[in-house]
Amino acid sequence: MDHSPLDLAPVLPVVVLEDPENAVPLARALAAGGLTAVEVTLRTPGAVEAIRRIAAEVPEVAVGAGTVLGPEQVEEARAAGAGFLVSPGWTERLLGAAQQSGLPYLPGVSTASEAVALLERGVREMKFFPAQAAGGVPYLKALASPLESARFCPTGGITPENAGEYLALPNVGCVGGTWLAPGDALAAGDWARVTRLAEQANGLRR
């Protein structure tokens, strides 16, 4: 992938896919709304297959693996064609595996110390999770000056109502949003609704 995950879209859709059959139509619906990236969380048995299908059939959409918790999942995601990796936190072992994979990686942090530890290791782009619970916009605003080289993708508690506040911060590249693929829309195959939500999210671009 040529671009950082932080620069692909103002809102990175974070999706839980129970049925891999929904993967391709979902990715196409998001792309129709102007969002050309999606994070498929590794929380369901079909997640890796969903990543594989999007990578193979919707090449215009950068598909990443989310909720990556260990080296084995790093390799599974890479083999399936994931273009980037995201985790809710990080360990030395996980960071090493992600860096070895060659894929862009957003390790999760929720404190200044965790961010500083990553900066020491040359990692400048991170996921801030759980964003709202960990201090939200005021916390990220406070980090901007002392950690001026760090950039974040806040995820967790982000809504269409508060996304703009996060995106206005100088150290935020994008936000992660779960509202773009509602479970009832997926169940009903209501791809037009997903496209409308994607269009609205794309309109948040600064």
Side-chain angles (χ1 to χ4, degrees), residues 1-17 20 22-41 43 47 50-51 53-67 81-86 88 103-106 108 124-132 136-137 140-141 144 150-206:
M1 192 175 71
D2 296 333
H3 299 289
S4 157
L6 294 183
D7 299 324
L8 293 171
V11 180
L12 177 61
V14 179
V15 303
V16 179
L17 283 171
N22 286 331
V24 168
L26 171 65
R28 288 178 174 153
L30 290 168
L35 297 182
T36 54
V38 62
E39 173 190 329
V40 177
T41 62
R43 300 182 200 174
I51 290 170
R53 293 189 187 191
I54 294 172
E57 299 182 46
V58 199
E60 65 271 26
V61 171
V63 58
T67 321
F84 60 94
L85 307 168
V86 186
L103 297 176
Y105 171 50
L106 295 178
R124 297 178 54 228
E125 300 189 338
M126 312 165 196
K127 170 177 175 168
F128 181 59
F129 176 83
Q132 281 291 95
V137 169
L140 281 174
K141 191 179 288 186
R151 295 177 72 218
F152 299 96
C153 172
T155 307
I158 311 296
T159 66
E161 290 71 39
N162 65 19
E165 294 178 65
Y166 281 95
L167 289 167
L169 298 176
N171 54 350
V172 169
C174 68
V175 299
T178 57
W179 76 87
L180 291 145
D184 56 347
L186 294 181
D190 189 352
W191 308 120
R193 181 178 166 201
V194 172
T195 295
R196 285 196 302 274
L197 291 169
E199 287 171 343
Q200 291 162 6
N202 201 39
L204 294 169
R205 190 182 297 276
R206 289 164 291 176

Nearest 0.5 Å, please: how far is [atom2] in [Y] from [atom1] in [X]?
| X | Y | atom1 | atom2 | answer |
| --- | --- | --- | --- | --- |
| Ile54 | Arg28 | CD1 | CZ | 10.5 Å |
| Gln200 | Trp179 | CD | CH2 | 10.0 Å |
| Ile158 | Leu12 | CD1 | CG | 11.5 Å |
| Leu180 | Glu199 | CG | CD | 11.5 Å |
| Lys141 | Asn171 | NZ | CG | 10.5 Å |
| Leu103 | Leu85 | CG | CG | 5.0 Å |

What heavy-atom pair brings [X] and [Y] nearest, and what distance separates the two atoms?
| X | Y | answer |
| --- | --- | --- |
| Pro5 | Pro104 | CD-CB, 3.7 Å |
| Cys153 | Leu106 | CB-CD1, 4.2 Å |
| Val61 | Ala31 | CG2-CB, 3.8 Å |
| Ala201 | Leu35 | CB-CD1, 4.1 Å |
| Ala185 | Val194 | CB-CG2, 4.4 Å |
| Pro20 | Ala50 | CB-N, 4.2 Å |

Check whether any side-chain heavy atom of [X] sits under 4.5 Å from a side-chain heavy atom of [Y], and report yes or no.
| X | Y | value |
| --- | --- | --- |
| Val175 | Pro10 | no |
| Val137 | Asn162 | no |
| Phe128 | Thr155 | no |
| Leu8 | Cys174 | no |

| Test side-chain contact (heavy atoms from CB on, under 4.5 Å) applied to Leu186 and Trp191, step by step | CA-CA 8 Å; Leu186 294 181; Trp191 308 120; 3.5 Å; yes
| query | Going through the distances and angles, do Glu165 and Leu140 end up as a side-chain contact (heavy atoms from CB on, under 4.5 Å)? | reply | CA-CA 11 Å; Glu165 294 178 65; Leu140 281 174; over 6 Å; no
| query | Can you name the residues that form a side-chain contact (heavy atoms from CB on, under 4.5 Å) with Thr41, not counting sequence neighbours? | reply |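 Thr41 satisfies side-chain contact (heavy atoms from CB on, under 4.5 Å) with Val14, Val16, Glu39, Arg43, Thr67 only.
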| Is there a side-chain contact (heavy atoms from CB on, under 4.5 Å) between Thr159 and Gln132 once you walk through the steps? | CA-CA 10 Å; Thr159 66; Gln132 281 291 95; over 6 Å; no
